[in-house]
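Quick note: residue numbers are just sequence positions, from 1.
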Amino acid sequence: MNKASKIYLFSILNLFLFSSQLLVAQEGSTKKLQAGMTGNFGLNFNQMGDNKMMKDGVGTDLSVGICLHTSFKNSSNLGLATGLEFDFQKFGYKVGADSVYYRYTDNAILQKDEAGGTIYRLSSRQYNPVYVSIPLMLLFRTDPIGDWKYFGKFGLRNSFLVSQKINDTGVDLSAPTAVKENTNMKSLGETFFYKGSIGFSAGAEWNFIGSTSLVSELGFFYGLTPMHYRFSKDNYTLYSGADNYFYTKARQNQLILKIAILF
């Protein structure tokens with residue numbers, strides 16, 4: 001075999017290998033359904049509705065769960081993105097211009113219509129709620145560009161409260177000489193059971209092997225529902241004077257970075 005034939009055969013072999021790798025890399029791009037694991041890191045920006053309580057810095061949100069990307073039957077560029085995520089949040093408030101109090105027994109915060117309890121003057125409060133979140137978003141994707149796709153999402157993030165803990169700093173008026181921390185406090189209905197937000201995100205999908213892709217995206221979500229809501233004044237727990245009961249008025253915006261592996 002002469003030199004020219006060897007070069008020709010070598011070129012054909014390389015072209016065949018390159019084409020095979022390209023077909024394998026694009027295998028994931030033809031799938032109508034992708035599912036995998038996701039991890040999120042978010043920043044919580046609570047927006048207050050009055051000056052009785054003020055936000056105390058920026059909160060955090062750590063999430064783990066599963067995610068699904070689907071394509072519509074007649075369009076590989078348009079689909080739905082959803083999933084199931086467990087959100088572990090932290091955010092806090094501090095007292096505004098007026099003194100704020102509540103009554104408690106053991107680790108239970110008492111409502112207005114409950115008698116007794118020890119009076120506590122509140123200085124700051126940290127919430128540690130756990131949510132189950134179900135995003136439901138329209139998914140817009142580009143055609144593959146090499147091993148990459150780029151996408152945008154728009155839709156709702158629906159979160160349902162599973163549990164919460166409240167940690168307070170203040171003064172117990174039964175012994176008002178020192179600051180006292182009330183940890184792991186419980187208050188039925190203190191945080192609204194549903195948290196809804198609308199938002200958008202943008203990101204990229206890297207099909208790095210076979211049908212497996214690494215996805216990263218950054219999104220902003222605007223809070224639609226109140227973080228705290230009391231249906232009856234008899235269920236209020238905080239007060240700033242004699243019979244001047246209130247509940248904290250706030251909504252939550254979020255900036256969320258999501259990393260996922262889809263199969």
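Counting only distance, with no hydrogens or angles, the side chain of Asn40 and the backbone of Leu62 share no donor-acceptor pair below 3.5 Å. Not a single donor-acceptor pair under 3.5 Å links the side chain of Asp147 to the backbone N or O of Phe208. Panel note: side chain Ser213, backbone Glu205; no donor-acceptor pair is recorded below 3.5 Å. The main-chain N or O of Glu190 is found under 3.5 Å from a side-chain atom of His228 such that the two form a donor-acceptor pair. Of the possible polar contacts, none joining the Asp106 side chain to the Ala108 backbone as a donor-acceptor pair under 3.5 Å is found. Checked by atom type and distance alone, the side chain of Asn253 pairs as donor or acceptor with a backbone atom of Gly223 at under 3.5 Å.
Taking the six-membered ring for Trp and thresholds of 30 and 60 degrees, Tyr104 and Tyr102 have ring planes more than 60 degrees apart, a perpendicular arrangement.
No donor-acceptor contact under 3.5 angstrom links the side chains of Tyr131 and Asp61, judged on distance only. In the model, Asn77 has a side-chain atom that pairs as donor or acceptor with a side-chain atom of Asp143 under 3.5 Å.
The distance between the ring centers of Tyr222 and Phe220 does not fall below 6.0 angstrom. Between Tyr194 and Phe160, the distance from one ring center to the other falls under 6.0 angstrom. In this structure, the ring of Phe154 has its center no less than 6.0 angstrom from the ring center of Phe200.
A salt bridge links Arg157 and Asp87; the closest N-O separation between the charged side-chain nitrogens and carboxylate oxygens is under 4.0 Å.
No side-chain heavy atom of Ile134 sits under 4.5 Å from any side-chain heavy atom of Leu156.
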